[in-house]
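None of the values given here were measured: they were computed from a predicted structure. So that the names make sense, note that chain A is the first sequence line, chain B the second, and so on, each numbered from 1.
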2 protein chains.
Amino acid sequence: MTTINDVARAAGVSPATVSRVFNGGRVTAERAERVRKTAAELGFSPNRVARSLRMQRASVIGLIIPDIENPFFTSLARGVEDAAQQTNLSVVLCNTDEDVDKERRYLEIAAAEQMAGVIVAAASRNRTDLSVLEGRGMPVVAVDRRPRGASVDAVMVDNQHGGEEATAHLLRSGYRRIACIAGPEGASTSDDRLAGYRAVMRDHLRETDGGALPPEYVRHADFRVEGGRSAMRDLLALPAPPDAVFVANNLMTVGALQALREAGTEPPRTGVLSFGDVPWASLVRPPLSTVQLPSYDLGWTAAGLLQERIAGTERPLQTVVLRTALQVRESTSGPGAQGGAARD
Amino acid sequence: MTTINDVARAAGVSPATVSRVFNGGRVTAERAERVRKTAAELGFSPNRVARSLRMQRASVIGLIIPDIENPFFTSLARGVEDAAQQTNLSVVLCNTDEDVDKERRYLEIAAAEQMAGVIVAAASRNRTDLSVLEGRGMPVVAVDRRPRGASVDAVMVDNQHGGEEATAHLLRSGYRRIACIAGPEGASTSDDRLAGYRAVMRDHLRETDGGALPPEYVRHADFRVEGGRSAMRDLLALPAPPDAVFVANNLMTVGALQALREAGTEPPRTGVLSFGDVPWASLVRPPLSTVQLPSYDLGWTAAGLLQERIAGTERPLQTVVLRTALQVRESTSGPGAQGGAARD
DNA sequence: CGTTCGCGTGAAATGGATTTCAAGGGATTT
DNA sequence: AAATCCCTTGAAATCCATTTCACGCGAACG
């Protein structure tokens with residue numbers, strides 16, 4: 001491998017000068033040209049490891065996500081990548097598999113590799129511990145979930161608003177007995193969505209004198225396919241089953257749809273509104289309305305904040321909240337569309 | 001940050017001894033214990049950057065894939081990751097977006113970061129150039145596609161066999177006019193699958209005196225959703241449209257299904273067999289049979305080969321070919337199942 | 001004309017771990 | 001008792017780019 005010294009010798013200058021040529025130091029034009037030419041001839045590219053060691057910082061940022069197979073996170077990753085490319089930072093992706101231990105290992109690696117910064121979608125709000133990084137003063141941005149007690153910039157989704165939007169849409173479509181399959185209790189991503197659902201339902205019931213929200217209409221599951229499926233089964237087994245359901249994440253929606261199919265009451269007979277885009281939603285028949293998460297923008301924005309920090313800005317900690325967007329996909333929506341026909 | 005020197009001073013030994021304690025050198029038990037204790041107290045962990053610089057090799061392997069949003073590659077990534085974890089190598093993922101330039105940048109980064117090795121699913125068989133890595137003697141394993149002219153270990157899928165299996169299954173299910181939506185001409189992953197299709201169809205037609213395979217039954221598309229959709233539309237517009245189609249990758253299958261839905265001839269009226277698992281296939285109604293790609297094992301095997309190379313084995317270059325597995329998912333399969341009923 | 005300022009330059013220090021080499025000490029062999 | 005050997009240990013070299021510091025030269029200024 002050709003080093004900076006080889007280039008220096010060949011060009012008849014000192015290594016310092018070569019370094020300056022590549023890093024914007026002051027060098028006379030004539031020399032700079034000579035160095036560049038020699039470097040090109042020798043196929044020199046600076047050794048990033050040596051540079052990182054000296055600079056105490058690598059030109060790599062870490063992106064730590066809990067589930068690489070969830071399209072939400074891959075789309076987020078694309079956002080980060082595209083934003084990072086603008087400053088010549090490269091992104092390395094680490095998949096924690098929702099495992100706090102695995103996550104800790106990756107956080108340690110990020111620290112030990114002296115990455116320029118880390119964007120982390122925490123595996124757990126309680127148990128994820130960012131102190132390894134904070135202790136070293138490493139720039140960190142949390143996305144989607146902000147670990148408790150962490151003093152970091154964050155980019156979040158307006159989950160409550162999304163929950164409201166989703167529930168309101170189901171009401172508008174004519175459904176009335178609307179249930180909710182929420183995520184794990186205590187997870188803020190789930191609690192906020194649920195709060196949005198509750199708020200809209202409460203208002204609606206008050207206006208229509210509809211009584212109270214049946215407590216059994218709220219189920220907690222684990223954000224996974226299986227959990228959504230069994231929660232939906234439970235709901236369908238109720239004496240007064242719901243005519244629609246707001247599902248708090250995409251994977252559980254897949255499960256809920258499976259349960260509905262088994263029971264033969266698929267949408268639009270039973271309304272389904274998913275929080276988060278269901279992968280390949282176009283394949284689902286009929287098409288499903290969803291609350292779209294701004295996953296790409298989440299990543300893009302987080303990368304932006306991180307780069308500001310890396311550049312050394314001193315602005316106070318910042319939390320950016322991005323809104324969801326309702327995507328209506330039903331051609332003929334509402335319980336009447338098929339339900340009515342079935343009654344004939 | 002506490003360094004190896006801090007530990008050495010605190011423990012009253014030389015840095016060399018501390019290094020030996022952590023890297024399996026010979027140190028008397030009593031001293032080793034003291035060093036370990038001091039290191040723990042000081043919270044010392046070796047600086048990976050410095051280590052990489054000295055060792056001329058990082059403890060990281062690069063995994064370069066063309067599309068992080070394709071479940072095939074994410075599953076492959078999981079395989080690599082799980083295998084790598086066993087030797088304390090960490091995996092960094094780079095997404096090339098099927099873009100040869102972006103890929104080249106990542107290859108250069110891998111070289112400059114002195115990664116221990118690279119697993120690459122090439123963006124292009126012709127234009128991907130691994131010489132940056134080969135020049136430095138860096139261990140490389142190709143997965144899924146082997147770039148032309150590269151002297152590297154490889155792990156491939158038995159694409160021809162998969163194509164045969166798929167086509168034979170459609171025949172067994174009772175379909176006769178079977179078309180094929182292949183990938184881009186020249187891509188080996190596509191050509192081999194197509195070859196499998198052709199071989200089985202030729203045999204079948206010969207046996208049944210069915211004449212020649214209509215050339216218009218073979219369409220080439222781009223391995224993407226849109227391509228699959230328009231290819232399927234073209235097929236349906238033929239004077240004698242096929243009654244089944246073998247689609248050469250998962251994304252095009254999604255497109256083909258969309259086109260079939262538009263035309264109202266969804267499976268099983270028109271048979272569909274996808275090469276590669278269709279994501280969330282359980283949502284598709286009715287369930288789809290697929291040729292399962294051993295994506296996870298592809299990754300796992302590649303990581304194994306890579307680790308052998310990293311360890312310095314001298315065995316000759318090796319290509320491992322993994323077989324596909326037909327996954328039958330139809331409950332009532334074949335054109336008669338619904339087609340017959342419709343005729344009544 | 002002498003001083004100051006600014007700029008370009010190279011020598012050398014720096015970052016932190018690994019590894020070679022030589023030396024020292026204890027045990028074993030002759 | 002002397003010679004040999006093996007094992008442990010630390011000093012110092014090494015990996016390579018960046019950056020500080022000091023020097024020297026030419027221009028500008030008093």
Side-chain angles (χ1 to χ4, degrees), chain A residues 1-36 38-39 42-60 88 108-109 111-116 136-138 312, chain B residues 1-36 38-39 42-60 88 108-109 111-116 136-138 312:
Chain A
M1 235 24 278
T2 90
T3 74
I4 200 173
N5 293 295
D6 302 332
V7 177
R9 207 171 314 119
V13 299
S14 77
T17 301
V18 178
S19 171
R20 282 189 269 257
V21 169
F22 285 96
N23 296 288
R26 314 197 59 94
V27 179
T28 51
E30 179 264 331
R31 269 159 181 259
E33 189 42 45
R34 197 166 75 229
V35 168
R36 250 187 282 276
T38 325
L42 270 56
F44 165 75
S45 77
N47 180 321
R48 285 172 167 243
V49 179
R51 161 183 271 163
S52 299
L53 177 61
R54 180 61 229 247
M55 308 246 283
Q56 303 280 51
R57 158 186 304 179
S59 48
V60 164
N88 272 326
E108 279 162 12
I109 288 174
E113 294 276 1
Q114 300 181 160
M115 294 183 180
R136 307 203 181 198
M138 180 174 290
Chain B
M1 238 25 275
T2 90
T3 74
I4 201 173
N5 293 295
D6 302 333
V7 177
R9 206 171 316 120
V13 299
S14 76
T17 301
V18 178
S19 171
R20 282 190 270 256
V21 169
F22 284 95
N23 297 290
R26 317 199 58 95
V27 180
T28 52
E30 180 263 332
R31 266 158 183 263
E33 188 44 43
R34 197 165 77 227
V35 168
R36 251 187 282 276
T38 325
L42 271 54
F44 165 75
S45 77
N47 181 322
R48 286 173 166 242
V49 179
R51 159 182 273 163
S52 299
L53 176 60
R54 179 59 230 246
M55 308 245 286
Q56 303 280 59
R57 159 186 305 180
S59 49
V60 164
N88 271 326
E108 278 162 13
I109 288 174
E113 294 276 3
Q114 298 179 164
M115 293 183 180
R136 307 201 181 199
M138 182 174 290

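Using a 4.0 Å heavy-atom distance criterion, B/Ser19 is classed as a base contact.
Between B/Ser14 and D/dT9 there is no side-chain polar atom (N or O) within less than 4.0 angstrom of OP1 or OP2. Applying the 4.0 Å criterion to OP1 and OP2 of D/dC15, one finds that B/Gln114 has every side-chain N and O outside that range. Between B/Arg31 and the phosphate of D/dT9, there is a side-chain N or O to OP1/OP2 separation shorter than 4.0 Å.
Following rounding to the nearest Å, B/Arg34 (CZ) and D/dT9 (C1') show an atom-to-atom distance of 12 Å. If you take CG of B/Asn5 and P of D/dA12, they are 14 Å apart, rounded to a whole angstrom. If you take CD of B/Glu30 and C1' of D/dT8, they are 12 Å apart, rounded to a whole angstrom. Taking atom CZ on A/Arg48 and atom C1' on D/dC15, their separation rounds to 18 Å, with Å as the unit. Between A/Asn23 atom CG and D/dT20 atom P there is a gap of 13 Å when expressed in whole angstrom units. With rounding to whole Å, A/Arg20 atom CZ is found 10 Å from C/dG8 atom P. As rounded to whole Å, 18 Å separates atom P of D/dC15 from atom CG of B/Asn47. When the P atom of C/dG16 is taken as reference, atom CD of B/Gln56 falls 19 Å away, rounded to whole Å.
Nearest nucleotide to the A/Leu53 side chain, out of C/dT18, C/dG16, D/dA17: C/dG16. Of the candidate nucleotides D/dG10, C/dG10, C/dA17, C/dG10 has the atom lying nearest to any side-chain atom of A/Ala16. Nearest nucleotide to the A/Val27 side chain, out of D/dG10, D/dT19, C/dT9: C/dT9. Listed nucleotides D/dA17, C/dG16, C/dA17 differ in distance to B/Pro46; the shortest reach to its side chain belongs to C/dA17. Residue A/Thr28 places its side chain closer to C/dG8 than to any other of C/dG10, D/dC15, C/dG8. For B/Ala50, taking side-chain heavy atoms from C-beta onward, the closest of the listed nucleotides D/dA17, D/dT20, C/dA17 is C/dA17. Ranking C/dA17, D/dC16, C/dG16 by closeness to the A/Thr3 side chain, first place goes to D/dC16. Closest to the B/Ile4 side chain, of the nucleotides C/dT18, D/dT18, D/dG10, is C/dT18.
Within the model, atoms CZ of B/Arg31 and CZ of B/Arg20 stand 10.0 Å from one another, a figure rounded to the nearest 0.5 Å. Expressed to the nearest 0.5 Å, how far CZ of B/Arg9 lies from CG of B/Leu42 amounts to 10.0 Å. Going from atom CZ of A/Arg57 over to atom CZ of A/Arg136 covers 14.0 Å, rounded to the nearest 0.5 Å. The CE atom of A/Met55 sits 7.0 Å away from atom CG of A/Asn23, with the distance rounded to the nearest 0.5 Å.
The shortest heavy-atom contact between A/Ser52 and A/Ala58 is OG-CA, 3.4 Å.
In this structure, the side chains of B/Thr3 and B/Asn47 stay at 4.5 Å or more apart for every pair of heavy atoms.
Contact of A/Arg26 with C/dG6 (side chain to base): no donor-acceptor pair of N or O atoms is detected under 3.5 Å. In terms of polar N and O atoms assigned as donor or acceptor, the side chain of A/Arg54 comes within less than 3.5 Å of the base of C/dT14 in a complementary pairing.
For A/Arg51 and B/Gly12, each mapped to the nucleotide of DNA chain D holding its nearest heavy atom, the one lying further toward the 5' end belongs to B/Gly12. Both B/Val13 and B/Met55 lie near DNA chain D, and the one whose nearest nucleotide falls closer to the 5' end is B/Val13.
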